[in-house]
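Basis for what follows: all heavy atoms, side chains included, without hydrogens, waters or symmetry-related copies. Keep in mind that this is a model prediction, so the values were computed, not measured. The sequence lines fix the lettering, A, B, ..., with proteins before strands; numbering per chain opens at 1.
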Amino acid sequence: MKKFKRYTVTAALPYANGPLHIGHIAGAYLPADTYVRFLRLRGEDVAFVCGSDEHGVAITIGAKKEGLTPREFVDKYHNLMKKAFTDFGISFDIYSRTSNEIHYKTAQDFFKKIYDQGLFIEDTSDQYYDEQEKIFLADRYIVGTCPNCGHPNAYGDQCEKCGTSLSPKQLINPRSTVSGQAPVLRPTKHWYFPLDKFETWLKDWLIEGHKDDWKINVYGQCKSWIDQGLQPRSITRDLEWGIPVPLPDAKGKVLYVWFDAPIGYISATKELKPNDWEKYWKDPETRLIHFIGKDNIVFHCIIFPSMLKAEGSFILPDNVPANEFLNLEGEKLSTSRNHAVWLHEYLEDLPTRKDELRYVLNSISPETKDSDFTWKDYQQKVNSELVAILGNFVNRVMVLTWKYFDGKVPSEHELPGTTDKRKKILASYTQAHTDLNKTVKEMIGALKDFKFREAQFQMMNLARIGNKFLADTEPWKLAKEDMEAVGAILNYALTVVGNISMACEPFLPGAAVSIRRQLNAAAVENKWKEFWTKEELIHTVPQHHQLNPAELLFRNVEDTEIEKQVERLKKKENKPAAAMQENAVKPLKPEIVFDDFAKLDIRVGKVLAAEKMEKSDKLLKLLVDSGVDKRTILSGIAKHYTAEEMVGKQVTFIANLAPRKMMGIESQGMILMAEDADGKLRLIQPNTDVNPGATVS
RNA sequence: GGCGCGGUAGCUCAGGCGGUUAGAGCGUUGGAUUCAUAACCCAAAGGUCGGGGGUUCAACUCCCCCCCGCGCUACCA
């Protein structure tokens, strides 16, 4: 493996439109922090950078919703996240933000450098423009009737009722959500990054070059993406909030948030190391690693590297150990449903349990597949692992040393194997020592491979071996007959405790400090690098050294503690966030006159036959008796109704809608559905049967 | 529908370029023990390795089909 001189480690820039939850932590920040702590302990030169991602339409929408300016809005969430990270102990070297001036310049320079090479494609196309507000409307700012399901308030990028992805021009009767007015089409120019031109290079660099060293889930998704063919991507937007496109003819244009965000890693590094930041981004002997969640894979593995390649002077990511997702109590985390454990709330409720959260999240880290956090599991892991195995081991060694040696480290010398009992002790010692060294090597090997669950397990193994050593040698029995042996045993046990304090630092930084305090081990601190680079047990506590009183590393989690958390979770779900409630009821459409309505021929029909459309997940093909004819209607309801249950049902449909071909079959009408707040579709039916062909008015 | 990743003991997960009785931690049960936050230590029970075919002397591991979960994608008038 290539030897690197230094590391640049990034953790995904969290989007500044809401607080952090444990899914974010488990996905990117905890693994990144664990890895960085490991690197630092080995004495590596590392820059650990992160910051808030503060641009994009979603920010402007969120700001509007909360009645704030975008600036106030991002300030609020930037500060909230920054504090939560600090309080939790994620050890960024810098937590910056993309609204900083230095980032504006960095991003603009980056753009300009590629622009000057003539790489970007310029293209002018018609887009919706709000004449009253004098702005071009981003997709999310336009609502209209969904051409698919008739949902009157579909967004310009997606209909939330039927899930169809849309472009604004497909919407019927589009309206601006800013002014409520109908927007007009206007030509506007944008710049595109020619991703397609990097296909050959990506195949070489990624598909060939990282076949074996990238995680299989990451590699598989990238390969799938590249194989499907790459398209130019637009990298500018018509928007007020963002980084202005640094060109003379680009008034009102900003860089697309996805373009500027990853450059934020570079800006943050510049801010951190104004004089030698380039070493961390341009020296091939620097190892660049991105920690992200799986939603970010394509961006960090394909698009950003292509941008870096295009710019020309930067190094490329050497690895992108993306995690899958974390679920909560068996269900997906959901911001809108408020189904989440928010980091800042956890820290308020359980301020003394930071290591516990780190431990549990790491132990269920979604490294290879989605995983599930439950409070019950949290309690069990804390009680039966942290308390019972690790805390207990450290505590019993401390207590024994105080009891028999007044808290002074016993003398250190070879124990002569003069009796059978002593021979047994020596055998136990040899066994423990061999196991411990092996475990240390495995722990460090796992950390190098980004296998943090495994690494943490090996760290805990040190305590398991320690417990076994005590049980095997039984110093409390020997105290009656052979204090020299007791001293030898406890001297070694204290050595193990000292090594554990070093081993647990990347996983349980709080416990590491506590153990060091108990050992009164200021003298030990400069030994950390030795432990982490020699990869074996080292000598930690000098003989006759005075220890501090024992303190408990962890407390048991009582039932009442987790019951409180579970209840809190349930309560939240019954009471969705305020923002969600606003969303649940869509705003009224502009007024129409009776004649508009009269154009519609709405009727009730009866489904005679139904079948699932082949090769479609959403479409059912219905044969409907409309009274005047039997017609085929395709409807995107397959996720809500099976073909079988549709047969015989009365349905309301639009009878005079122009026929439309879908997947090779012509649909002669449109079934009307009601959409519940949760997105479920339900048929609109008369409350008693009517004859097929009955009109609705 | 296509593509990617996954489906291994009650739970969380290892493993597997085919080859002895499929592993660990936690949980459960039994034993031992008392230095320790009833914790630790020992032992046992517990799995037809998602289902069905196939290749092979031999498959959990390779091939095909199917089912389930997650993600991307197509369709959704």
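Residues satisfying the side-chain hydrogen bond (donor to acceptor under 3.5 Å, both in side chains) test with A/Arg603, not counting sequence neighbours, are A/Asp601. For A/Thr632, there are no side-chain hydrogen bond (donor to acceptor under 3.5 Å, both in side chains) partners, not counting sequence neighbours. Annotation: side-chain contact (heavy atoms from CB on, under 4.5 Å) contacts of A/Ser428 (sequence neighbours excluded): A/Phe469, A/Asp472, A/Thr473. Every residue two or more places apart in sequence or in another chain was checked for a ring pair (Phe, Tyr, Trp, His ring centres under 6.0 Å) with A/Phe457, and none qualifies. Residues passing the side-chain contact (heavy atoms from CB on, under 4.5 Å) test with A/Glu484, sequence neighbours excluded: A/His413, A/Leu415, A/Pro416, A/Arg422, A/Asp482. Listed by chain and residue number, A/Asn383, A/Val557, A/Asp559, A/Ile562 satisfy the side-chain contact (heavy atoms from CB on, under 4.5 Å) test with A/Gln379 (two or more places apart in sequence, or in another chain). Annotation: ring pair (Phe, Tyr, Trp, His ring centres under 6.0 Å) contacts of A/Phe452 (sequence neighbours excluded): none. Judged as a side-chain contact (heavy atoms from CB on, under 4.5 Å), and not counting sequence neighbours, the contacts of A/Phe325 are A/Lys294, A/Asp295, A/Asp370.
Taking every heavy atom of residues 455-466 of chain A and every atom of RNA chain B, pairs under 4.0 Å involve A/Phe457, A/Arg464, by number.
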List, with names and distances, any nitrogen or oxygen atoms from the protein found under 3.5 Å away from nitrogen or oxygen atoms belonging to nucleotides 27-31 of chain B.
none

Polar atom pairs (N or O), protein with nucleotides 4-6 of chain B, under 3.5 Å:
from  : atom 1 : to       : atom 2 : distance (Å)
B/rG4 : O2'    : A/Gln221 : N      : 3.3

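A/Asn323 and A/Ser365 form a side-chain donor-acceptor contact under 3.5 Å, judged by distance and modelled atom types alone.
Separation of atoms CD (A/Gln565) and OG1 (A/Thr560) is listed at 11.0 Å; rounding is to 0.5 Å.
Computed from coordinates, the A/Lys424 NZ to B/rC42 C1' distance equals 13 Å when rounded to whole Å. With rounding to whole Å, A/Leu552 atom CG is found 12 Å from B/rA39 atom C1'. One can place CD of A/Glu454 at 11 Å from C1' of B/rG25, the figure rounded to the nearest angstrom. In this structure, the CD atom of A/Glu385 is 15 Å from the P atom of B/rA24, given to the nearest Å. Spacing between atom CG of A/Asn296 and atom P of B/rG71 amounts to 15 Å, rounded to whole angstrom units. Atom CG of A/Asn392 and atom P of B/rU33 are 18 Å apart (whole Å). Distance A/Asn383 CG to B/rC11 C1': 16 Å, rounded to the nearest Å.
The phosphate of B/rA14 has OP1 or OP2 within less than 4.0 Å of a side-chain N or O from A/Arg453. Taking side-chain N and O atoms only, A/Lys477 has no distance below 4.0 Å to OP1 or OP2 of B/rA32.
For the strand RNA chain B, secondary-structure stems (runs of at least three Watson-Crick or G-U pairs, all distances below 3.5 Å) span B:1-7 with B:67-73, B:10-13 with B:23-26, B:28-31 with B:41-44, B:50-54 with B:62-66.
Residue contacts shown for A/Phe554 include a base, since a base heavy atom lies under 4.0 Å away. The residue A/Val399 sits close only to the backbone: its heavy atoms come under 4.0 Å of sugar-phosphate atoms, none of a base.
Side-chain proximity of A/Ala388 to B/rA39, B/rC70, B/rU37: nearest is B/rA39. In the set B/rU37, B/rU12, B/rC40, the nucleotide with an atom closest to the side chain of A/Leu553 is B/rU37.
The closest donor-acceptor contact from the side chain of A/Trp402 to the backbone of A/Asn548 lies under 3.5 Å. Side-chain atoms of A/Tyr219 come within 3.5 Å of backbone N or O of A/Ile207 as a donor-acceptor pair. Using a distance-only test at 3.5 Å, with no hydrogens or angles considered, no donor-acceptor pair links the side chain of A/Asp196 to the main chain of A/Leu230.
Summary of the strand contacts: A/Lys403 and A/Lys332 both lie near RNA chain B, and taking for each the nucleotide with the nearest heavy atom, the more 5' one is attributed to A/Lys403. In terms of position along RNA chain B, the nucleotide closest to A/Ile389 lies nearer the 5' end than the nucleotide closest to the other residue of the pair A/Trp225 and A/Ile389.
Residue A/Phe299 forms a ring-ring contact (aromatic ring centres under 6.0 Å, His included) with just one option from A/Trp225, A/Trp258, A/Phe304, and that option is A/Trp258.
Taking atom P on both B/rA14 and B/rU8, the two are 10 Å apart, rounded to the nearest angstrom.
Residues A/Leu547 and A/Met398 meet the side-chain proximity criterion, which asks for heavy atoms closer than 4.5 Å.
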